[in-house]
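Written below as structure tokens is the structure these notes are about.
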Amino acid sequence: MNYYNRMKDKFEKLKTKKDVIVLSIESSCDETSVAVVKNGRDVLSNIIATQIEIHRRFGGVVPEVASRNHITAISNIYKEALSAANITADDIDAVAVTYGAGLMGALLVGVNFAKGLAYALDVPLIAVSHVYGHIAANYISHPLLTPPFVCLMVSGGHTAILRVDDYNNMKLLGTTVDDAVGEAFDKVARVLGLQYPGGPEIDKLAKQGEPSYKFTVSNALKSTFNFSFSGIKTEVVNLVHNMTQRGEEINKADIACSFQECVTDELSNKAIKACKAQEIKKLVVAGGVGANLRLKVKLTKLCGENNIEFFSPVLKYCTDNAAMIGSCAYYMLKDGLGLAELSLTAKPNIDL
Ligand code: KG4
Ligand code: ZN
């Protein structure tokens, strides 16, 4: 019997197994991460090798450099994850991997490592979407959190509002029509001469500034749950270039603060509006921009005023990590979803 047919049976049995240990792998961008997660919420280990310092000198992620560094790191990170979790490879019930969305070459390193491992251990391979992984980061941080809830997904690659009816059943309410919000943060940071990644730098600098510039987001999407951030991004870039040309002094902290105020107003107002429209009293934030302090402050306040419970992942699970992939995989396997064949390949883009 070939691998996939053998796995169908094993996969089915995991649905009812009492304790399920998932070894998960994440390599979609510039973090190589391997985690061991028990029963979806108990993180036994979560090792992350970040390449931030390597890419910083280029001002952003260089895909080829990212892939090469994943290759160098992944075997050791895997061994570290096993040892930190105090388990052996024989304890692994399933291997889960991010197969998209992300950088093709970077994803392929994780996918190929996962395929080899699942085959060698003769355990099921589970293909996980990075975006759904970000949502699952909340299950780790909040042991009692269960769907249904509204999710504000804010990362470097995605910006969306989803209604999460169940672990594997969600509906897209709105998405960005152009740039992801993380992309806008990174671009604005770059034009202000801040280092990569820009989001956390804007977050820090904005604390020292005032919202003295009146930036705007498009009014055309006001009545929808869609977003547009390319306009405000261009507005900031043009302002900085014009001021530079005129030799004017640029108050970077004020620009960072004004940009952040405008963007976080837009995100938080639409997220609350979605909760009200869907009559759902739980709001969950997911993705790297969810680490933004100002966004969290606004969401906490607005949720309090509207009697909505607010959840966001603890900082280390906001940005890319393998534990969230292991959590997501657990809820997929419980519903019999995601079993992959050894022909699994990486997908740079995945629809929400
Ligand atoms: O979720 P993530 O780690 O990777 C993707 O799936 O894209 O998100 C990365 C994005 C980057 O654009 C980064 O600048 C942004 O999240 N980010 C932040 C903060 N921390 C990370 N943006 C604003 N404020 C932060 N504190
Ligand atoms: Zn991510």
Side-chain angles (χ1 to χ4, degrees), residues 24-33 35 46 48-52 55-56 59-61 63 66 97-103 106-107 110 128-138 141 151-160 175-176 179-192 194-207 227 229 232-233 236 256-257 259-268 284-299 312-325 327-328 347-350 352:
S24 50
I25 297 168
E26 156 63 40
S27 69
S28 65
C29 191
D30 59 346
E31 258 95 33
T32 321
S33 181
N46 180 42
I48 305 173
T50 180
Q51 303 175 15
I52 283 182
H55 296 282
R56 194 160 263 163
V61 178
V97 65
T98 302
Y99 76 105
L103 302 171
L107 287 164
V128 178
S129 151
H130 183 77
V131 184
Y132 298 148
H134 271 301
I135 299 175
N138 283 280
S141 299
C151 176
L152 175 65
M153 161 63 56
V154 279
S155 71
H158 293 89
T159 305
T175 185
T176 178
D179 295 349
V181 65
E183 242 178 298
F185 265 97
D186 292 341
K187 181 73 194 188
V188 165
R190 197 202 271 239
V191 80
L192 291 177
L194 306 174
Q195 63 182 0
Y196 168 84
E201 297 300 313
I202 299 253
D203 197 348
K204 257 189 271 166
L205 185 64
K207 290 194 188 89
F227 298 101
F229 295 112
I232 184 167
K233 181 189 76 181
V236 178
C257 178
F259 164 77
Q260 184 176 264
E261 281 307 304
C262 179
V263 163
T264 53
D265 271 348
E266 172 74 353
L267 292 170
S268 50
V284 165
V285 73
V289 183
N292 186 271
L293 195 65
R294 194 70 186 124
L295 179 63
K296 282 197 275 193
V297 165
K298 284 183 186 175
L299 288 172
S312 68
V314 294
L315 204 58
K316 65 178 170 184
Y317 297 128
C318 260
T319 44
D320 293 347
N321 66 87
M324 66 186 196
I325 303 302
S327 174
C328 191
K347 279 184 86 176
N349 299 302
I350 294 183
L352 282 172

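All values below were derived from every heavy atom in this structure, side-chain atoms included, with hydrogens, water molecules and symmetry-related copies excluded. As the structure lists them, so they are numbered: ligands from 1, and atoms in each ligand from 1.
Rounded to the nearest 0.5 Å, atoms CD1 (Ile325) and CD (Glu26) are 5.0 Å apart. Here the CG-OG distance, from Asn46 to Ser24, works out to 7.5 Å after rounding to the nearest 0.5 Å. Asn321 CG to Ser33 OG: the interatomic distance, rounded to the nearest 0.5 Å, is 5.5 Å. For the atom pair CG of Leu152 and OG1 of Thr159, the computed distance is 8.0 Å after rounding to the nearest 0.5 Å. A distance of 8.5 Å separates CZ of Phe227 from OG1 of Thr175, quoted to the nearest 0.5 Å.
Annotation for ligand 1: atoms under 4.0 Å from non-hydrogen atoms of Ala291 are 20 (N), 26 (N). Here is the list of ligand 1 atoms found below 4.0 Å of a heavy atom in Thr319: 3 (O). Of all the atoms in ligand 1, the ones that sit under 4.0 Å from a non-hydrogen atom of Gly182 are 12 (O). Counting the atoms of ligand 1 from 1 in the order shown, those under 4.0 Å from a heavy atom of His130 are 6 (O).
Polar contact check, Leu293 against ligand 1: no nitrogen or oxygen pair lies under 3.5 Å apart. Residue Gly156 has at least one N or O atom closer than 3.5 Å to an N or O atom of ligand 1. Between Glu183 and ligand 1, a contact under 3.5 Å exists for no N or O pair.
Closest to atom 15 (C) of ligand 1 among all protein heavy atoms lies Val289 CG2, 3.9 Å. Protein heavy atom at the shortest distance from atom 22 (N) of ligand 1 is Gly199 CA, 3.3 Å. Given atom 26 (N) of ligand 1, the protein heavy atom at minimum distance is Asp203 OD2, 2.8 Å. Looking only at protein heavy atoms, the nearest one to atom 11 (C) of ligand 1 is Asp186 OD2, 3.5 Å. When only non-hydrogen protein atoms are considered, atom 21 (C) of ligand 1 lies nearest to Gly288 O, 3.3 Å. For atom 2 (P) of ligand 1, the closest non-hydrogen atom of the protein is Asp320 OD1, 3.4 Å.
For an aromatic pair to be called close, the ring centres must be under 6.0 Å apart, and Phe229 with Phe185 fails this.
In Asn292, the parts holding a heavy atom less than 4.0 Å from any atom of ligand 1 are both the side chain and the backbone. Neither the backbone nor the side chain of Glu31 has any atom closer than 4.0 Å to an atom of ligand 1 (non-hydrogen atoms only).
The aromatic rings of His134 and His130 lie perpendicular to each other, with more than 60° between the two planes, well past the 30° mark.
For the Zn ion (ligand 2), the N/O/S atoms of His134 include one lying under 2.8 Å.
Comment: Arg294 does not engage Asp203 in a salt bridge, judged by the lack of any side-chain N to carboxylate O separation of less than 4.0 angstrom.
The shortest side-chain heavy-atom distance between Tyr317 and Asn138 does not fall under the 4.5 Å cut-off.
Taking the Zn ion (ligand 2) as the apex, the angle formed with NE2 of His130 and OD1 of Asp320 is 100°, to the nearest 10 degrees.
Residue contact check for ligand 1: Gly157 places a non-hydrogen atom closer than 4.0 Å to it.
Side chains of Thr264 and Lys298: a donor on one and an acceptor on the other come within 3.5 Å. When only modelled atom types and interatomic distance are considered, Gln260 and Asn292 share a side-chain donor-acceptor pair under 3.5 Å.
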